[in-house]
Structure formats: structure tokens, C-alpha cells
Engineer: 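Shown below is the structure under consideration.
Start at 1 with the first residue, then count along the sequence.
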Amino acid sequence: MSRADLSDDMEERRPRVLHIGDYWNGGGAEKVLRDTVEASEILGNVNEVFTGDNIRSGPLSYVFSLCTVVKASAVLQRFRPDVIHLQNFYHRLSPSVLWTLSRYKRKFPTTKIVFTAHDMHLVCPNSGFQYFTSGEAHNISISDASINIFRRYDQRGLAYSSLKIMQHIVAYKILKLYRHIDVVITPSHFLKNLLKAHHKELSYEVIRNPINQGGATASNYRRWGDSNQIKIVFFGRVSKEKGLSEFIRLCLPLFENENISLDIFGDGPEKSALQSLAASCNLTSQIRFMGQISADHVQSAMKNYSLLVLPSTWYENAPLVICEAAAAGLPVLVRSSGGAEELAGEVRWGISSDLSNVESTWADIKLLASHAGQNELLEPNQFSEANYASQLSKTYHRA
């Protein structure tokens, strides 16, 4: 046997992992997809990536995409994966990708399908577990597994809501495509418990998403607290469910009477409304909109602030910005619900609050600001890249 033949034979024996997601570029789920591919490469697997970036989309393809079926089938037949690792798939690819994987698994029954859940999509037409009335969002009760066809599951209107309901009924109520998943990975116990309450038949693993822990440190931290100036920062999508409007309105007396400011990094549909709110309250010098920032520069930017705020009104799954802030020494203030509250309990200086009382919120802000530069992860190994790769390897072999 030649050296080339031996090399090809060795590669054939290495696990072949197909990574699937709606998009390659972006933050959140897309970053985890990229991190997962990198971890799988470290493990020595043979990897292939299939995303929906080149998939034609339309109203009907949101429910079931023939384009996804054709292209995914071609990749499966060519690559012949041993493990298929799904990330988000319901925006662009649609649940038809699960149907395609089920057909492949019938042909190759030893194939393992692993799914990293980033939200509540498997149990609700709205992935944030919300519905809307008159433009206002309402969190659905954690124990509520019903689908109400009269609810608006999308704030954009009836048509979008109907498509989400149709997608969910076809994929999960009629075809029950979730049954083909061997293991569901969740980055928080909160999400695991929520999904398990509705799909007890599935197997679950909690694996924390990895973060870069080599960012800003206490040694190079600007101690804004020492100058009696409290600089609050927000990083993320500027959308209604992030709760920035409610937080700003709650803190109006503080912005008017105390030496504090809020810098907002990110973009989104709520940005113009928040800018108008700041202007109407004459707070444009204290509430500033900093625009987008790349993930690589978030932690270095954090050293300029006293504390991070994440006042989301919906159930966050596992917002990595909390852990990134802790690794950079930045204290965090979050609303007491969902995965945000869970991760705030994983850091030295994290406070979860209902953010409904200005006096108690001000007390929390002052306490956290006095510890600027001193925050840390209580168990940093949980969020290390090495631990992520190790846990991933165990899941691939155990699935």
C-alpha cells in the first residue's frame, strides 16, 4: 500500500462530521457553529459544512423547502457523515432538513444526529417563547405546551404568524421530525429543563458554549468607579425584547440626577425608537449609540466600563456576553429570568433583578460599579474551548 493510499485509508477511519446551520456568518448561533467546526477539527474529525446561505427562500419554503431537500441530499450522499451536527435550521433551511436527515438515517442507521438548541423552537412557533397582542410581547408560561392558532407568534403580523404556526404543526405535530434527533445539546440548564418538559423522550446534554478568556483583565482595566463616574454598557441586538426601553425609562431619574451614562453597542429594529426616546429626554450626551462592534473587539471595549446591563424581557437562553464580561472583569446586571439569571450565578459579581424599582436598581448599580475590574467566572473551565471540544467528543461517541 502506498503512503497516499494509507493516508486516504486513515482519513476514512476518522469520524466524518457534517455541520448544518442556517447561516455561516453572524453572531450567536452562527458563532457557535464556527466554534463547533473548529473544535471538531481539533478533535481530528473530517468535517464538512452545509448552510442555507445559498438556499432559495420564500413563504412556502419556510414550511418545507424542496431546495433544501435536494441540496442536503446531495451533500449527504457525497460526504457520507457518521455524525450530523445541527445548529439553527428553521429560518433558511426549514425543518425539511430534518426530514432529509431522517431518510439518510434509515439508509445508514448508525448515523448520529446531534442538535444544539439555541432557543425554544422545538416546542413553540415563536423561538423566544412569546406571543404578541397589539404589538406588545408576552412571555408564554414555561409549562404551556399548547399551540393556539389565534395567537400572534410574530409581531410582524398575521401572515408571518400563520407561517410559523404552519411550520410547527407540519414539522413537529404531524411529522414529529424531532424524534430523529439522538442528542439535544443545550448551553443552559434552563433551556434543557424547558425542552425536556415538553419532549421527555429526547436525550439531553448541557454543554456550555465556549468563550475567549484572553480578553481584558483587571491589570489593564480602567477603574471608572474611582472617578465617581458610572459607565454602563450594553452589547447585543437592539430589539424590543432586549428591554432597553424599559431600562432607560426606569433609570430616567438616575440619568437626570446621577453621574451615569449608557453606551449601546449593536444595531436592530428598536434603535431609532431608542434614539428618539433619548432625544426627547435630553439625554443624547448620556445615552450613546456606538454602532456595531466585531466579536473580536468586545472584550477589549469592556475595559472602559463600570458594568454591563442585560435587561431582556424575554427568556434568554445562554447569553455569552455575560461570561465574556466576567472574563474581562466587568460586573453584570441582568433581569431575573431564564438563562440570563442562570449565567449571572456563574460569575463573581453578577446580580439578577426584576428591574422594577429605581431605588433598588440604583443600589445594585452602585455596588457592581464599585467592583469594576474584579469580576470573574466562578468555574472558567466550563466555558473553555478545550472543555467544549472534550464534551463534544464524548457526545459524538455517546449519541
Engineer: Has the side chain of H198 got a donor or acceptor atom that lies under 3.5 Å from a matching backbone atom of I142?
Structural biologist: yes
Engineer: Under 6.0 Å between ring centres, would you say that holds for F132 and H138?
Structural biologist: no
Engineer: Look only at the side chain of Y153 and the backbone of N148, and say whether a donor-acceptor pair between them is shorter than 3.5 Å.
Structural biologist: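 Yes.
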Engineer: Would W314 end up clustered with I264 when hydrophobic side chains under 4.5 Å apart are linked, directly or stepwise?
Structural biologist: no
Engineer: Please find the pair of heavy atoms, one from A318 and one from L343, that lie closest to each other, and give the distance.
Structural biologist: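 Minimum heavy-atom separation between A318 and L343: C-CD1, 3.7 Å.
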Engineer: Report yes or no: do I287 and V358 belong to one cluster of Ile/Leu/Val/Met/Phe/Trp/Tyr joined by side chain heavy-atom distances under 4.5 Å?
Structural biologist: yes
Engineer: Return a table of donor-acceptor pairs under 3.5 angstrom between the side chains of residues 321-333 and protein atoms on other chains or two or more places apart.
Structural biologist:
none

Engineer: Donor-acceptor pair, S61 side chain versus G58 backbone, under 3.5 Å?
Structural biologist: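 Looks like yes, one N/O pair under 3.5 Å.
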Engineer: Which heavy atom of L250 sits nearest a heavy atom of L355, and at what distance?
Structural biologist: CD2-O, 3.3 Å
Engineer: Under the ring-ring contact (aromatic ring centres under 6.0 Å, His included) test, which residues partner F265, sequence neighbours left out?
Structural biologist: F235
Engineer: Out of V97, T111, L98, which residue meets the side chain to side chain contact (heavy atoms under 4.5 Å, CB included) rule with I84?
Structural biologist: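 When side chain to side chain contact (heavy atoms under 4.5 Å, CB included) is applied between I84 and each of V97, T111, L98, only T111 qualifies.
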Engineer: Pairs in or reaching into residues 263-288: which pass salt bridge (Lys or Arg N to Asp or Glu O under 4.0 Å), with residues at least two apart or in two chains?
Structural biologist: D263-R288
Engineer: Distance only, no hydrogens: is a donor on one side chain within 3.5 Å (strictly under) of an acceptor on the other, for N317 and H118?
Structural biologist: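 Their side chains do not contain a donor-acceptor pair, so the 3.5 Å distance test is not met.
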Engineer: So which heavy atom on L177 is nearest to which on P95, and how close?
Structural biologist: CD1-O, 3.4 Å
Engineer: What is the minimum heavy-atom distance between H19 and L33, and which atoms define it?
Structural biologist: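 So the minimum-distance heavy-atom pair works out to CB-CD1, 4.0 Å.
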Engineer: Taking all atoms of both residues into account, what is the closest heavy-atom pair of L191 and D119, and its distance?
Structural biologist: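 Answer, listing the atom of L191 first, then D119: CD1-O, 3.6 Å.
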Engineer: Hey, is K112 close enough to D182 for a salt bridge, meaning N to O under 4.0 Å?
Structural biologist: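 The answer is no: the pair does not qualify as a salt bridge.
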Engineer: Start with the C-alpha distance between Y178 and H199, add both sets of side-chain angles, then the distance that settles ring-ring contact (aromatic ring centres under 6.0 Å, His included), and finish with yes or no.
Structural biologist: CA-CA 9 Å; Y178 58 84; H199 291 307; 4.1 Å; yes
Engineer: Run the side-chain contact (heavy atoms from CB on, under 4.5 Å) test against R34 and tell me which residues pass, sequence neighbours left out.
Structural biologist: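 By the side-chain contact (heavy atoms from CB on, under 4.5 Å) rule, R34 matches W24, E30, K31.
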Engineer: Do you know which two heavy atoms are closest between S73 and V69, and how far apart they sit?
Structural biologist: OG-O, 2.6 Å
Engineer: State plainly whether one hydrophobic cluster holds both Y160 and L158, where clusters connect Ile, Leu, Val, Met, Phe, Trp and Tyr through side-chain heavy atoms under 4.5 angstrom apart.
Structural biologist: no
Engineer: Any donor and acceptor pair, going by atom type alone, linking the side chain of E346 with main-chain N or O of L377 inside 3.5 Å?
Structural biologist: no
Engineer: Taking it one step at a time, do K240 and E136 satisfy salt bridge (charged side-chain N to carboxylate O under 4.0 Å, His left out)?
Structural biologist: CA-CA 9 Å; K240 201 164 186 177; E136 293 298 316; 3.6 Å; yes
Engineer: Restricting to side chain to side chain donor-acceptor pair (under 3.5 Å), what partner residues turn up for E205, sequence neighbours left out?
Structural biologist: R398
Engineer: Could you give all pairs that pass the side-chain hydrogen bond (donor to acceptor under 3.5 Å, both in side chains) test and reach residues 325-344, with sequence neighbours left out?
Structural biologist: R208-E342
Engineer: Under 6.0 Å from the ring centre and within 45 degrees of the ring axis: does the NZ or CZ of R151 meet both conditions for the six-membered ring of Y131?
Structural biologist: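 Because its charged atom sits under 6.0 Å from the ring centre and within 45° of the axis, R151 does stack over Y131.
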Engineer: Quick one: do the H85 and T116 side chains pair a donor with an acceptor below 3.5 Å?
Structural biologist: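 Short answer, yes.
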Engineer: Give the intermediate values and the outcome of salt bridge (charged side-chain N to carboxylate O under 4.0 Å, His left out) for residues D154 and K164.
Structural biologist: CA-CA 8 Å; D154 194 299; K164 285 188 173 181; 3.0 Å; yes
Engineer: Roughly how far, to the nearest 0.5 Å, is CG of N381 from CD of E385?
Structural biologist: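 Rounded to the nearest 0.5 Å, the CD-CG separation comes to 12.0 Å.
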Engineer: Looking only at side-chain N and O atoms, does S96 offer a donor or acceptor that is under 3.5 Å from a partner on S94?
Structural biologist: yes
Engineer: To the nearest 0.5 angstrom, please state how far the OG atom of S306 sits from the NZ atom of K366.
Structural biologist: 14.0 Å
Engineer: Can you tell me how far CG of L367 sits from CH2 of W362, rounded to the nearest 0.5 angstrom?
Structural biologist: 12.0 Å
Engineer: So, does S390 use its side chain to make a donor-acceptor pair with the main chain of A386 at under 3.5 Å?
Structural biologist: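 Between the backbone of A386 and the side chain of S390 there is no qualifying donor-acceptor contact (under 3.5 Å).
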Engineer: Side chain of N257, backbone of P253: donor and acceptor closer than 3.5 Å?
Structural biologist: yes
Engineer: Is there a donor in the side chain of E241 and an acceptor in the side chain of S239, or the other way round, less than 3.5 Å apart?
Structural biologist: yes
Engineer: Please determine if E316 and K242 form a salt bridge, counting it only when a charged side-chain N lies under 4.0 Å from a carboxylate O.
Structural biologist: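 Judged by the 4.0 Å cut-off on N to carboxylate O distance, E316 and K242 do form a salt bridge.
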Engineer: Between H297 and S294, do the side chains contain a donor N or O and an acceptor N or O under 3.5 Å apart?
Structural biologist: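 Their side chains do contain a donor-acceptor pair, which is all the 3.5 Å distance test asks for.
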Engineer: Looking only at atom types and distance, does a side-chain atom of S393 sit under 3.5 Å from a main-chain N or O of A389, one as donor and one as acceptor?
Structural biologist: no
Engineer: Quick check: are there more than 12 heavy atoms from other residues, nucleotides or ligands sitting under 6.0 Å from CG of D354?
Structural biologist: yes
Engineer: T36 side chain to V32 main-chain N or O, any donor-acceptor pair under 3.5 Å?
Structural biologist: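 Answer holds: yes.
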Engineer: Is R80 close enough and on-axis enough to F108, meaning under 6.0 Å and within 45°, for cation-pi?
Structural biologist: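 The answer is no, since R80 fails at least one limit relative to F108.
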Engineer: Any link between L60 and M166 through a network of hydrophobic side chains (Ile, Leu, Val, Met, Phe, Trp, Tyr) touching at under 4.5 Å?
Structural biologist: no
Engineer: Taking the six-membered ring for Trp, is the centroid-to-centroid distance between H168 and Y90 below 6.0 Å?
Structural biologist: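 Centroid distance H168-Y90: not below 6.0 Å, so no.
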Engineer: Between the main-chain N or O of H189 and the side-chain N or O of N193, is there a donor-acceptor pair closer than 3.5 Å?
Structural biologist: yes
Engineer: Give a yes or no answer on whether the side chain of T284 reaches the backbone of A279 with a donor-acceptor pair at less than 3.5 Å.
Structural biologist: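 The answer is no, because no donor-acceptor pair under 3.5 Å joins these two groups.
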